[in-house]
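Only a predicted model underlies this, so the values are computations on that prediction, with no experimental measurement involved. Side chains included, hydrogens not; waters and symmetry mates left out as well; all remaining heavy atoms used.
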Amino acid sequence: FTLAELLIVVAIIAVLTAIAVPLFVGALDKAQDARDDANIRSVKSAAAVYILGATKNDDSHVIFKPGTEKDSITNDLYEYYVVKATVKANGDISITSIKGQSTDPRTAAAGAGATAAVKDEAKAGTTSGDWDITAVLTSLDLSEA
């Protein structure tokens, strides 16, 4: 081989690599987005089953509206729920909190001390293979469960 032939081969390999790498990265991003969407759907389904099957309000899951009497609850369901959960690498779902609220948490509240809007998201957890999920359920999600 001459030096010119080797340079041409290296240039062709560089062009093919420049084309292939962005395609691979794009496919990898789509796969990760699909995984995140599946995890969020799984958490929403598990939370809907829990909410619809619950018979009491415990300290960790505020799923029923407070009643008029002190420490009493009503069976009225909230319009929105913010669910926090962990999806383990083996697919097990552990719901850490379900907080019901009457206003849409996906829209940021106005005024001083307002919290940021909540959105469906999946983040890598502290343990390898685990995902921390935040999901917003609406009454429509509960009617589909």
Answer with yes or no whether the hydrophobic clustering places [X] together with [Y]; edges join I, L, V, M, F, W, Y residues whose side-chain heavy atoms lie under 4.5 Å apart.
X      : Y      : answer
Val21  : Ile13  : no
Ile98  : Trp131 : yes
Val82  : Ile95  : no
Val136 : Ile40  : no
Leu16  : Ile8   : yes

Heavy-atom closest pair, residues [X] and [Y]:
X      : Y      : value
Ile93  : Ala85  : CG2-CB, 4.3 Å
Gly125 : Asp132 : CA-OD2, 3.5 Å
Pro22  : Thr17  : CD-O, 4.3 Å

### Task
Considering only NZ, NE, NH1 and NH2 on the basic side and carboxylate oxygens on the acidic side, decide whether Arg106 and Asp120 come within less than 4.0 Å.
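Between Asp120 and Arg106 there is no salt bridge, as every charged N stays at least 4.0 Å from the carboxylate O atoms.
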Practice problem: Look at Asp130 together with Lys88 and state whether they make a salt bridge at an N to O cut-off of under 4.0 Å. | Solution: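 Salt bridge flag = yes for Lys88 with Asp130.
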task: May I ask you to decide if Thr2's main-chain N or O and Glu5's side chain share a donor-acceptor pair within less than 3.5 Å?
output: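 Answer holds: yes.
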Requested in this report: Answer yes or no: is there a donor N or O on one side and an acceptor on the other, between the side chain of Thr96 and the main chain of Lys84, under 3.5 Å?
Outcome: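 Answer holds: yes.
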Measure the spacing between [atom1] of [X] and [atom2] of [Y] and express it to the nearest 0.5 Å.
X      : Y      : atom1 : atom2 : answer
Thr86  : Ile133 : OG1   : CD1   : 8.0 Å
Ser139 : Tyr81  : OG    : OH    : 8.5 Å
Lys123 : Thr134 : NZ    : OG1   : 7.0 Å
Glu121 : Asn39  : CD    : CG    : 13.0 Å
Asp141 : Thr138 : CG    : OG1   : 4.0 Å

Check whether any side-chain heavy atom of Tyr80 lies under 4.5 Å from a side-chain heavy atom of Ser102, and answer yes or no.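 No, too far: nothing below the 4.5 Å cut-off.
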With a 4.5 Å cut-off on side-chain heavy atoms, are Val83 and Leu137 touching?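 Yes. Closest side-chain heavy atoms under 4.5 Å.
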(message) Pair Tyr78, Ile63 - check side chain to side chain contact (heavy atoms under 4.5 Å, CB included), show working.
(response) CA-CA 7 Å; Tyr78 284 96; Ile63 58 175; 5.9 Å; no
